[in-house]
Amino acid sequence: MNTHANDQIYHCGNKCRLIQKKSALLVRDTYFAHISLKSYLEYLLPKIDHLLRYECQKDSLSLYDVTNGEVYNKIKSDDTIILLIGWDGVVVNRKCSIWPLALFICELPLNLREEYSFILSVFVGKTKSSQLMLDPLIEEIIYLEKNPVEYFVEINENIVKKSKKVKICAAICDSPARAKLLNICGHNSRLGCTTCLTLTKEKITKKTLENIVMRDNQKWRDIAKNVETLKIPENDKRILEINEGIKGMTPLMKLPYIDLPSACIPEIMHCVFLGVVKHIFDHLMAKQDQATKLFISTYNKRLSTFFFPSNLCRQMPKDITNNLKAMEYENLLFYGFLLLENIIQPAQYKIFALLSLFIAKLCSRNLKKTEIVFLKKIISSILPIISEVFPSNKKSTNIHFLLHLPDFAMLYGSLQSVSSFPVENLMGKTCLQAKSGTRICEQVLKKMSSFKSLSVIIDQTRLDDDTKKFFSKMNLLKNEKKIEISKDQKNNTIKKVTINKELYCTEFFSISRKTTNDNFCKLKNGSFINIIQIFSNENNEICFKGLRYETTPYEIQYEGEKYFLDHVHHAKLDRKNIIEFKMDEIVCPFVIYKHEEETFLFEIINRHT
C-alpha cells in the first residue's frame, strides 16, 4: 500500500485500489473494491453498441430525457459515452453499511438505462464512505481521454473498430450523499443548498426570492483549493460559512467540464416525495384531536376507492398513518391531492394542488423548454406560502430546493429521468447480494457482474421457449414484448389481454377483481376509452369495443389566475356511441375516480419505466 499525500489516506495500487482513512483500516471488514471501467466497457459496449443513440430529438423544445438537457448537449460527441453516477448507502445490518457506486449510460434509451446499469465500486464498513471513493473512477476517465475504450462490432457483415471516450454528466444522490460527494456542509447547515448561497434555515419570503445569489463554479474551485492549503478544521462553523460551506477539494474538480453547483441534482424522490410531501402530511396529522382523527378516517376511506391498473403503480396506501414509501407519497401528490378537497382548508388544498401541477409538469415526458418560465412563476408564488399553510418547527431545505427544480429540468430534462428511483432499486438489489457478513465487497461485485453479464449475453442469443421461460423467472428478459390472451372457458370469449405486463380487460372482469381498474385505455388519437368487449376479428387480430369519455381539464383558481392540471380531467361517459379499435392503437392505461356525482380521469405520469 502507498500512502496518499497527507499520510491520512491509503491508496492501494493492487487490484482492490483501496482508498480510505487510516482509522478505518483498524475496523474489521471495512474496505473498498473497484472494477476497472475500461475493462467493463470493453466487454459491454460490443453487445449494446446497436442500442446507443446519438441523434438529437426531432423536437428541439423537448425536455423528454437527460439527452435533451443543456448539460448533456454541451459535452456530447459521437465518440463519447456519457455517464450518470448514482451513489448512496444501504444498511446491511447493525454492524456495517454498503456504499455502491452505480453508473448509467445516457446514450441508452430510457427504458434500457436501468437494465444495463452496473456497479463499479463498493465500500463496506461501519464508517460512512468518503467522496474519495470516486478517485479511481475519475482517474480512469481522465486516462480514457487520451486512451479511449476500443472494441469491435459487426456492421453489414463487416467488422468495424470503434473507440469511445468517457465523461460524467451528473451525480444522483440524496442530500447527505450530495454534501459528502461535493465535500460541502450538510443540508441541515445554514448554507444547506449546493446551488445557491441562500441561508436555508431562514424563512422564505418574496424578498428572499428576489435576492438569490447563485454559487459560482470557478469561485467554488478556488475556495476549495484555499481550504485545503490552509487546512481549515471541518468543525469551525464560522470559518466554513465565510468559505461558503466548502470543506475542501472533491475528485469531481479534476474534470474541468463539471459545473459544481449543478453537478449533483436535488432529485425528486428524496427532495419532494420523502421531503416536502411527507412534511405536508406530517403537518396535517400532527395534532391528536378529534378533527385530525376525522380527517384521517375520511381520507383513508376515499383512498380505499382509488385503484390503479394492475402491475403499473404501487397502489394507494390503505392508511396514511403508516410509514409510507416514496412511491406512495408520489401517488398522494399526483393523484391523492384531489381526494383532499373539502377535508382540509381551501388555502392548503390550492397550494397542494399547485404543487402537484408543478411537479407533474417537471416529471412529464412531454415537458417543453417553453414551459419553464411558467413553472418558475408557479413556484415563486407558492413557495413563500407553503411554510405558512403547512408550518413546522423543523426548517427543511427541501422546500428551498423546489426553487431550483425548473432550472435543473432545463439542464437535465424531465426530472423523472434523473430521479433516485432507479438508483435505489439498484441499491436494494445490491444489498440482497450479500448473503453473509464477510467479504461483502467480493460477494456484491461478483454476483452483480455475473447477473449483468448473463443478462447481456441472453439479449444477444436466440433462445428456445423453455429457456426463455426459465430466464423470464429470473427477470432477465425485460425487453421481450409479451402479449398474453386469457379466454373465458364457458363461452370462449376473450376476457383479458396483457401487453408487456399492462392488463386490459372488460368492465365486467375488472369489477370482479375489486382491487384494480384495468378496463380503461388511452388511444393514439387522444381518446379515453372504457373497454366493454374484447374479441378476435376475421383476420385473427385482437380488437376492442368501448365507450369514449368526454373530458375537460381540471382547473385551480389561485390569486385571480386559472391553472390547468394536464394530467387530471373532468370526465363524462358517452354511452350512445360504441367505438371499435385494434390493439396497436392502445397507448396506455389510465385511472378513473368517482366522487359523489363527479367522475375524474387521471393520466398516469409516474410509470418509472
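Considering every non-hydrogen atom in both Leu411 and Ser262, the closest pair reads CD1-CB, 3.6 Å. Nearest heavy-atom pair across Cys106 and Leu84 is SG-CG, 3.7 Å. Counting all heavy atoms, side chain and backbone alike, Phe600 lies closest to Leu338 at CG-CD2, 3.3 Å. Considering every non-hydrogen atom in both Thr551 and Ala571, the closest pair reads CG2-CB, 4.4 Å. Closest of all the heavy-atom pairs between Leu367 and Ala409 is CD2-CB, 4.0 Å. Contact between Leu209 and Pro384 at its shortest, heavy atoms only, is CD1-CG, 3.9 Å.
With sequence neighbours excluded, the residues forming a side-chain contact (heavy atoms from CB on, under 4.5 Å) with His279 are Phe390, Ser392, Ile399, listed by chain and number. Judged as a ring pair (Phe, Tyr, Trp, His ring centres under 6.0 Å), and not counting sequence neighbours, the contacts of His404 are His400. Remark: Val272 engages Ile268, Val277, Leu333, Ile359, Leu402, Leu405 in a side-chain contact (heavy atoms from CB on, under 4.5 Å) (not counting sequence neighbours). The salt bridge (charged side-chain N to carboxylate O under 4.0 Å, His left out) search around Glu561 returns Lys377, not counting sequence neighbours.
A donor-acceptor contact closer than 3.5 angstrom links the side chains of Asn577 and Asp574. For the 3.5 Å distance criterion, the side chains of Thr208 and Thr205 qualify, holding a donor opposite an acceptor. Counting only N and O atoms by type, the side chains of Ser420 and Glu267 include a donor and acceptor under 3.5 Å apart.
Atoms CD1 and CG, on Ile556 and Leu357 in that order, are 9.0 Å from each other to the nearest 0.5 Å. To the nearest 0.5 Å, atoms OG (Ser304) and CD (Gln315) are separated by 12.0 Å. Distance check: Thr292 OG1 to Leu284 CG gives 8.5 Å after rounding to the nearest 0.5 Å. In this structure, the separation between CD1 on Ile586 and SG on Cys521 is 4.5 Å, given to the nearest 0.5 Å. Taking CG from Asp88 and CG from Leu101, the interatomic distance works out to 11.5 Å, rounded to the nearest 0.5 Å. To the nearest 0.5 Å, atom CD of residue Glu603 and atom OG of residue Ser364 are 9.0 Å apart.
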Q: Please assess Arg113 against Val66 for the test side-chain contact (heavy atoms from CB on, under 4.5 Å), listing each intermediate value before the final yes or no.
A: CA-CA 11 Å; Arg113 199 169 294 155; Val66 66; 3.6 Å; yes
Q: Take Met316 and Glu328 through the side-chain contact (heavy atoms from CB on, under 4.5 Å) test and state the conclusion after the steps.
A: CA-CA 6 Å; Met316 284 291 194; Glu328 291 171 318; over 6 Å; no
Q.
Let's go through His569 and Phe528 carefully: what are the C-alpha distance in whole Å and the side-chain angles of both, what is the deciding distance for ring pair (Phe, Tyr, Trp, His ring centres under 6.0 Å) to 0.1 Å, and is it a yes or a no?
A. CA-CA 11 Å; His569 309 266; Phe528 296 95; 5.5 Å; yes
Q) Passes ring pair (Phe, Tyr, Trp, His ring centres under 6.0 Å), Phe308 versus Tyr335? Steps please. A) CA-CA 10 Å; Phe308 287 106; Tyr335 317 105; 5.1 Å; yes
Q) Checking side-chain contact (heavy atoms from CB on, under 4.5 Å) for the pair Cys196/Ile212: CA distance, chi angles, key distance, verdict? A) CA-CA 7 Å; Cys196 74; Ile212 296 290; 4.0 Å; yes
Q.
side-chain contact (heavy atoms from CB on, under 4.5 Å), that's the test. Do Ile320 and Met285 meet it? Break it down for me.
A. CA-CA 9 Å; Ile320 55 171; Met285 298 184 294; 3.7 Å; yes
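Proximity of Lys325 to Phe273: side-chain heavy atoms (C-beta onward) are nowhere separated by under 4.5 Å. At least one side-chain heavy atom of Pro391 sits less than 4.5 Å from a side-chain heavy atom of His283. The side-chain heavy atoms of Ile578 and Ile532, taken from C-beta on, include a pair separated by under 4.5 Å. Between Leu339 and Leu303 the shortest side-chain heavy-atom distance falls below 4.5 Å. With contacts defined as side-chain heavy-atom distances shorter than 4.5 Å, the pair Glu202/Thr200 does not qualify. With contacts defined as side-chain heavy-atom distances shorter than 4.5 Å, the pair Leu110/Arg365 qualifies. Inter-residue side-chain proximity for Pro406 and Ile372 is flagged as met; some heavy-atom pair is nearer than 4.5 Å.
Under a 3.5 Å cut-off, the side chain of Asn322 and the backbone N or O of Lys318 do not form any donor-acceptor pair. In terms of modelled atom types and a separation under 3.5 Å, the side chain of Lys201 and the main chain of Asn188 share a donor-acceptor contact. Judged purely by atom type and a 3.5 angstrom limit, Ser356 has no side-chain atom pairing as donor or acceptor with the backbone of Phe337. Formation of a donor-acceptor pair under 3.5 Å by the Glu371 side chain with backbone atoms of Lys368 is found in this model. At distances below 3.5 Å, not a single donor-acceptor pair connects side-chain atoms of Asp65 with backbone N or O atoms of Asn68. Without hydrogens or angle criteria, Arg215 side chain to Cys193 main chain gives a donor-acceptor distance under 3.5 Å. Remark: side-chain polar atoms of Asn300 are paired, donor with acceptor, to backbone N or O of Ile296 under 3.5 angstrom. In this structure a side-chain-to-backbone donor-acceptor pair under 3.5 Å is missing from Ser419 to Met269. In this structure, the side chain of Thr298 engages the main chain of Leu294 through a donor-acceptor pair within 3.5 Å. Ser117 places a side-chain N or O within 3.5 Å of a backbone atom of Glu114 that can act as its donor or acceptor partner.
With a 6.0 Å cutoff to the six-membered ring centre and a 45° limit on the axis angle, Arg178 counts as a cation-pi contact of Phe401.
Using cut-offs of 30° and 60° on the angle between ring planes, the pair Tyr549 and Phe520 is tilted. Between Tyr563 and Tyr558, the two ring planes are tilted [angle within 30° to 60°]. Taking the six-membered ring where the residue is Trp, Phe602 and Phe306 present perpendicular rings, their angle passing 60° and hence far from 30°. The aromatic rings of Tyr504 and Phe544 lie perpendicular to each other, with more than 60° between the two planes, well past the 30° mark.
Glu388 has a carboxylate O that lies under 4.0 Å from a charged side-chain N of Lys203, or vice versa, which qualifies the two as a salt bridge. A salt bridge between Asp518 and Lys496 is absent, with no side-chain N of the basic residue lying under 4.0 Å from a carboxylate O of the acidic one.
Enclosure of atom CD in Gln288 is not indicated, since only 12 or fewer non-hydrogen atoms of other residues, nucleotides or ligands lie within 6.0 angstrom. The neighbour count for Lys594 NZ, taken as heavy atoms of other residues, nucleotides or ligands under 6.0 Å away, does not exceed 12.
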With a 3.5 Å cut-off and sequence neighbours excluded, list the donor-acceptor pairs that the side chains of residues 340-355 form with protein atoms.
| residue | atom | partner | partner atom | Å |
| --- | --- | --- | --- | --- |
| Gln348 | OE1 | Gln345 | N | 3.3 |
| Gln348 | NE2 | Val389 | O | 2.9 |
| Tyr349 | OH | Tyr554 | OH | 2.6 |
| Lys350 | NZ | Gln557 | O | 3.2 |

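Under the salt bridge (Lys or Arg N to Asp or Glu O under 4.0 Å) criterion, the residue pairs touching residues 398-407 are Lys376-Asp407, with sequence neighbours excluded.
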